[in-house]
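Just the heavy atoms: all of them, side chains too, but no hydrogens, waters or symmetry mates, feed the values below.
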Amino acid sequence: MAMVHPQSLLSSAHCYFTSKQEVFTIWMKSLVLHGKGCTVFDSNGGIVYRVDNYDRKCSNEVYLMDFRGKVLYTILRKRFKFFCCWEGYCAAKEIKQGKPGFRVRSKTFGIPIGGSPFKAVVGLDKNQPCQIQIEKRTSSNSTCKIVDEFGLLVAEVKRKTSKCGVVLGDDVLTMVVEPYIDHSLVMGLLVVYGLINHKM
């Protein structure tokens, strides 16, 4: 099988914000043998993020890590009587304090399904809440876009196309993140979207 990005398995130190639009490749495969999760490459082919659920799919507790294995977000699924939501925590103390960095739930009542839009509230840990929305982009449950409360594009995920125009498999995606957006936050939201759609 051809590698998604054959150049390198390690990337240099990176910043979670940049002043220009950034393009990433998401491979919906874990680097752990028989594991569930995904691996994210930057435009140079270096690994920047990964999710490894080992042998458990759609786990209630998932870790978004950088390429070194440092946990950036602990994502927990919370079940209530009539709905469920997902919360992302940057640190263990935030879990104890009950202050997530973001919370995602369906905009419709009841159990979320992949076709419905999802509302996310970010900045909860800094007492600066901001609402954004995750919308299904096409008939595929893998593709989506994230827009802010004014409808402006934050990030978009679509099927990856090779330089000669060939659309790759549905487990290889392109993620485009707009300038001055926290890449790790976008990845945290996309991990939740993947969990909702049973992709990891």
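The shortest distance between side-chain heavy atoms of Cys144 and Leu190 falls below 4.5 Å. Looking only at side-chain heavy atoms (C-beta outward), Gln133 and Lys119 stay at 4.5 Å or farther from each other. Using a 4.5 Å heavy-atom threshold, the side chains of Arg79 and Asn60 count as touching. Contact check for Trp27 versus Asp171: side-chain heavy atoms found under the 4.5 Å cut-off. Considering only heavy atoms from C-beta on, Cys38 comes within 4.5 Å of Met28 through its side chain. Looking only at side-chain heavy atoms (C-beta outward), Leu168 and Arg159 stay at 4.5 Å or farther from each other. A 4.5 Å side-chain heavy-atom check between Leu195 and Arg77 finds every atom pair outside the cut-off. Counting heavy atoms from C-beta on, the side chains of Leu31 and Ile47 come closer than 4.5 Å.
Expressed to the nearest 0.5 Å, how far CG of Leu153 lies from CD1 of Ile146 amounts to 9.0 Å. Rounded to the nearest 0.5 angstrom, Met65 CE and Met187 CE are separated by 11.0 Å. The OH atom of Tyr63 sits 5.5 Å away from the OG1 atom of Thr74 when rounded to the nearest 0.5 Å. For the atom pair OG1 of Thr174 and NZ of Lys158, the computed distance is 7.0 Å after rounding to the nearest 0.5 Å. In this structure, Glu22 CD and Glu178 CD are separated by 11.0 Å, a value rounded to the nearest 0.5 Å. The CG atom of Leu189 sits 4.5 Å away from the CD1 atom of Ile132 when rounded to the nearest 0.5 Å.
Tyr89 and Ile75 sit in two unconnected hydrophobic clusters of ILVMFWY residues. Membership requires side-chain heavy atoms under 4.5 Å apart, directly or through other members. In the hydrophobic clustering of this structure, Leu72 groups with Phe17; members are Ile, Leu, Val, Met, Phe, Trp, Tyr whose side-chain heavy atoms approach within less than 4.5 Å, directly or through other members. Tracing side-chain contacts under 4.5 Å through hydrophobic residues (I, L, V, M, F, W, Y), one reaches Val40 starting from Ile181; they form part of the same cluster.
Put simply, the side chain of Asp66 gets close to the backbone of Arg68: a donor and an acceptor are under 3.5 Å apart. Ser43 contributes no side-chain N or O that, together with a main-chain N or O of Val23, makes up a donor-acceptor pair within less than 3.5 Å.
Nearest heavy atoms, Asn197 versus Tyr193: ND2-O, 2.9 Å. Nearest heavy atoms, Leu64 versus Ser184: CD2-O, 3.5 Å. Scanning all heavy atoms of the two residues, the minimum distance from Cys90 to Tyr73 falls at SG-CE2, 3.3 Å. Scanning all heavy atoms of the two residues, the minimum distance from Ser30 to Asp52 falls at OG-OD1, 2.6 Å. The heavy-atom pair separating Cys85 from Arg105 by the smallest distance is CB-CB, 3.8 Å. Taking all atoms of both residues into account, the shortest heavy-atom contact from Thr25 to Val172 is CG2-CG1, 4.1 Å.
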Step by step, work out the side chain to side chain contact (heavy atoms under 4.5 Å, CB included) result for Lys160 and Leu173.
CA-CA 5 Å; Lys160 188 174 179 70; Leu173 308 169; 5.7 Å; no
Output, in order, the C-alpha distance, side-chain angles, deciding distance and verdict of side chain to side chain contact (heavy atoms under 4.5 Å, CB included) for Phe24 and Val157.
CA-CA 9 Å; Phe24 300 87; Val157 175; over 6 Å; no
Let me see the working for Trp86 and Val191 under side chain to side chain contact (heavy atoms under 4.5 Å, CB included), right down to the final yes or no.
CA-CA 10 Å; Trp86 287 258; Val191 168; over 6 Å; no
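Between His183 and Tyr49, the distance separating the two ring centers is not shorter than 6.0 angstrom.
For NZ of Lys29, the number of neighbouring non-hydrogen atoms (other residues, nucleotides, ligands) closer than 6.0 Å is 12 at most.
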